Amino acid sequence: MIDITPLVRLYARFRLRQLARQRPADVQRKQLAYLLKQARATRFGRDHDFAHIQGVEAYQQRVPLRTYDDHWEEYWRADFPILDNVTWPGKIPFFATTTGTGQLTRADADKVQQTKNIPVSWAIVRSHKRGSYDMFCHHLVNYPKSHLLAGKGAMTSAFTPIRALADGVYASFMTALLLGKAMPPWVRPFYVDIRDLHELPEMHAKLKGLATRVWQQNVRAVSGTPLHLLNLFQYVQQQQGRSGAFLLKEALPRVDLIVHAGTSMKPYQQQFERLLAGSDCDLREIYPSCEGFFGIADRGPGEGLRLVCDNQIFYEFIPVTELGKANPQVLWIDTVETDVDYALVISTAAGLWRYVLGDLVRFVDLQPPRLLISGRTAQSIGIVGERLLEADVNQALNAAAARCGVAITEYALNPRSATQIGERNRYHYLIEFTQLPTTEQQAAFVAALEENLCQQNLNYAAAYRTGVLERPALYIAPPGSFDAWLIKHNKLEGKVPRIWLETQPFLDLLTEIQQHDV
């Protein structure tokens, strides 16, 4: 394969100079104006008089906030799967299926995940591609020795079969649609072909098949969720007959880039640090979703994701303190502040209008805008009014693990009030560590977890110090048990549910995951 990396690196330098000159507010105004112009003749555009909307303030006044369910019930359900000139001009060719992993109640405990069908236009396909190209640009400029395009890329999140819903209309996971239906022929040789792996019965068999190709073919980049990536590298190690710690520089020395997305890296941070020891490989986070491509890490891990402002998406932000109000304050890129949690709202070139995505973000810089994903709007939890965010829990768990010399693979959390269980209010954690902690480490971990939660949340601290909240209860999941549970329920291609609101489903999970045959 001819190495075209030097040519792409020239474009990368041009693109990064272009980004450096951007004024985010000006760019976002233009994006909104473009979206309104394109969609003014659609049913949604006529309903909201897009032809006469001028500027951000007028748009916010004329168009109400909507969730996925609002869009579905008001505009998509009746015509699905043929959406032609409904909320975006032309016929929608794709639907990205996505599964929610928010708070689990008894009603949805058995199915674990609820499927949504997100419209994907050709414009949003191009938006995803441009986001990926920008990611490559940041990598190539920051890693001048990289030969990324001298080989292939491998994706661990594109295994889902593509279903035909109607003539010319298809549905699958977003990455599968991009790889299987929207990839230009000239790009296909740059990716590992996995089409024959789609029909394998479960995710581990697919990952084993991909591991063989990653090892034997000239793979330079790998992408996926942190859990899938770790599983993939484990299978590469097994197939190579290696023992001991997996080191990328020894097992896959040609890999220049690992891209991760989908779930927080924090529970897996120590494992990736060991994996990358001595390697020049770039570990880079991106922020894609079924609805669009939003951000890219343009600096080091944990330093924020640069918001992609010129990608046919207009962004708005609701302060988390305003959630639930009838008329919440809604900001945009020109009025946000750093160190505030916001619910992300998007308007896109697929006909999503003032769409409350469900993600919480927090800006760490404004020029250029960089943000961290701090949790989900549906995943703020509380027992006595303390309102913990998933991000608070993740940060506290990570800090406690680092202090106690342990590493967390995955966890599930159940908040229980005294009225439910006949005892004091308490959070119950089921945690899988990479290695089973000692009794002393477990006690130290719980104490450190409590201390960190108190530091992050004043209401939590007050409730704990006055005896309203009991110290957390800790249950240990054997190494590999969360993964095995997902396999057993055929859910490995989804995400691990972390917050379980009701007690009995959590107890069922606890019983099942601690069984020897899980």
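Below, each value reflects all heavy atoms present in this structure, side chains not excepted, and no hydrogens, waters or symmetry copies. Every value quoted in this text rests on a predicted model; they were computed, and no experiment measured them.
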Check your understanding: Sub-3.5 Å donor-acceptor pair from the side chain of R46 to the main-chain atoms of A41, do we have one?
Key -> yes

Exercise for review: Please check if the side chain of S172 supplies one atom and the backbone of T160 the other of a donor-acceptor pair under 3.5 Å.
Suggested key: yes

Review point. From I333 CD1 over to Q31 CD, what is the distance, rounded to the nearest 0.5 angstrom?
Key: 12.5 Å

**Study point:** Y342 side chain vs L331 backbone, donor-acceptor pair below 3.5 Å
**Key:** no

Check your understanding: Any side-chain heavy atom of P319 sitting closer than 4.5 Å to one from E322?
Key -> yes

Practice item. Report the relative orientation of the aromatic rings in F190 and W186; use parallel for angles under 30°, tilted for 30 to 60°, perpendicular for over 60°. Key: perpendicular

Practice item. Run the ring-centre check on Y411 versus F482 and record whether the distance is less than 6.0 Å. Key: no

Check your understanding: If only atom types and distance count, is the side chain of R284 paired as donor or acceptor with the main-chain N or O of V259 below 3.5 Å?
Key -> no

Check your understanding: Under the side chain to side chain donor-acceptor pair (under 3.5 Å) test, which residues partner E291, sequence neighbours left out?
Key -> S289, Y355

Review point. Which pairs count as salt bridge (charged side-chain N to carboxylate O under 4.0 Å, His left out) when at least one residue sits in residues 342-354, sequence neighbours excluded?
Key: E316-R354

Exercise for review: Please answer whether the main-chain N or O of W353 pairs with a side-chain N or O of H71 as donor and acceptor at a distance below 3.5 Å.
Suggested key: yes

Review point. Has the side chain of N414 got a donor or acceptor atom that lies under 3.5 Å from a matching backbone atom of H428?
Key: no

Practice item. Using modelled atom types only, decide if a donor and an acceptor are shared between the side chain of N457 and the backbone of L453 within a distance under 3.5 Å. Key: no

Review point. Does the side chain of L83 come within less than 4.5 Å of V169's, by heavy atoms?
Key: no

Review point. Under 30°, 30 to 60°, or over 60°: which ring-plane class applies to F293 and H128, parallel, tilted or perpendicular?
Key: perpendicular

Review point. Which pair of heavy atoms, one from G131 and one from I296, lies closest together, and at what distance?
Key: O-CD1, 3.5 Å

Check your understanding: Does anything in residues 187-198 pair up under salt bridge (charged side-chain N to carboxylate O under 4.0 Å, His left out), and if so which pairs, sequence neighbours excluded?
Key -> D193-R195, D196-R213

Revision key, fill the gap. Heavy-atom closest pair (M155 atom, I194 atom, distance to 0.1 Å) is O-CD1, 4.1 Å

Point to revise | Exercise: identify the closest heavy-atom pair between C309 and Q22 | key: CB-OE1, 4.3 Å

Exercise for review: Determine the interplanar angle of the Y315 and F294 rings, folded into 0 to 90°, and report it as parallel if under 30°, tilted if 30 to 60°, perpendicular if over 60°.
Suggested key: perpendicular

Check your understanding: Where do L323 and A343 come nearest, in terms of heavy atoms and distance?
Key -> CD2-CB, 3.8 Å

Exercise for review: Identify the two heavy atoms, one from A25 and one from W332, that lie closest to each other, and give their separation to 0.1 Å.
Suggested key: O-CZ3, 3.6 Å

Check your understanding: Is any side-chain heavy atom of L509 less than 4.5 Å from a side-chain heavy atom of W500?
Key -> yes

**Study point:** Residue list, ring-ring contact (aromatic ring centres under 6.0 Å, His included) with Y75, at least two apart or on another chain
**Key:** F44

**Study point:** Salt-bridge criterion met for D365 and R306 (N-O under 4.0 Å)
**Key:** no

Check your understanding: Could R77 and D70 be called an ion pair, given the rule that one side-chain N must be under 4.0 Å from one carboxylate O?
Key -> no

Point to revise | Heavy-atom donor-acceptor pair, T511 side chain to L507 backbone, under 3.5 Å | key: yes

Practice item. Say whether, by atom type as modelled, one donor and one acceptor occur between the side chain of Q234 and the main chain of L229 under 3.5 angstrom. Key: no

Practice item. Taking the side chain as every heavy atom from C-beta outward, state whether V120 and I92 have any pair of such atoms under 4.5 Å apart. Key: no

Practice item. Could you tell me whether a side-chain N or O of T156 sits under 3.5 Å from a main-chain N or O of H228, the two making a donor and an acceptor? Key: no

Review point. According to the side chain to side chain donor-acceptor pair (under 3.5 Å) rule, which pairs have a member within residues 33-43, sequence neighbours left out?
Key: R43-D79

Exercise for review: Output the distance between atom CD1 (I383) and atom CZ (R416), rounded to the nearest 0.5 Å.
Suggested key: 9.5 Å

Check your understanding: Looking just at side-chain N and O atoms, do S417 and N425 make a donor-acceptor pair shorter than 3.5 Å?
Key -> no

**Study point:** Interatomic distance, L65 atom CG to N327 atom CG [nearest 0.5 angstrom]
**Key:** 9.0 Å

Check your understanding: Do Y133 and Y11 have ring centres separated by under 6.0 Å?
Key -> no

Check your understanding: Which atom names give the shortest non-hydrogen contact between V125 and A182, and what distance separates them?
Key -> CG1-CB, 3.5 Å

Check your understanding: Would you find more than 12 non-hydrogen atoms of other residues, nucleotides or ligands less than 6.0 Å from Q367 atom CD?
Key -> yes

Exercise for review: Please indicate whether E337 has more than 12 foreign heavy atoms, meaning atoms of other residues, nucleotides or ligands, lying under 6.0 Å from its CD.
Suggested key: no

Point to revise | Partners passing side chain to side chain donor-acceptor pair (under 3.5 Å) against S223 (at least two apart in sequence or in another chain) | key: none

Check your understanding: Does the distance from a Lys or Arg side-chain N to an Asp or Glu carboxylate O, for K91 and D84, drop under 4.0 Å?
Key -> no

Point to revise | Presence of salt bridge, R15 and D134, under 4.0 angstrom | key: yes

Point to revise | Check: D359/Y287 side-chain N/O donor and acceptor closer than 3.5 Å | key: yes

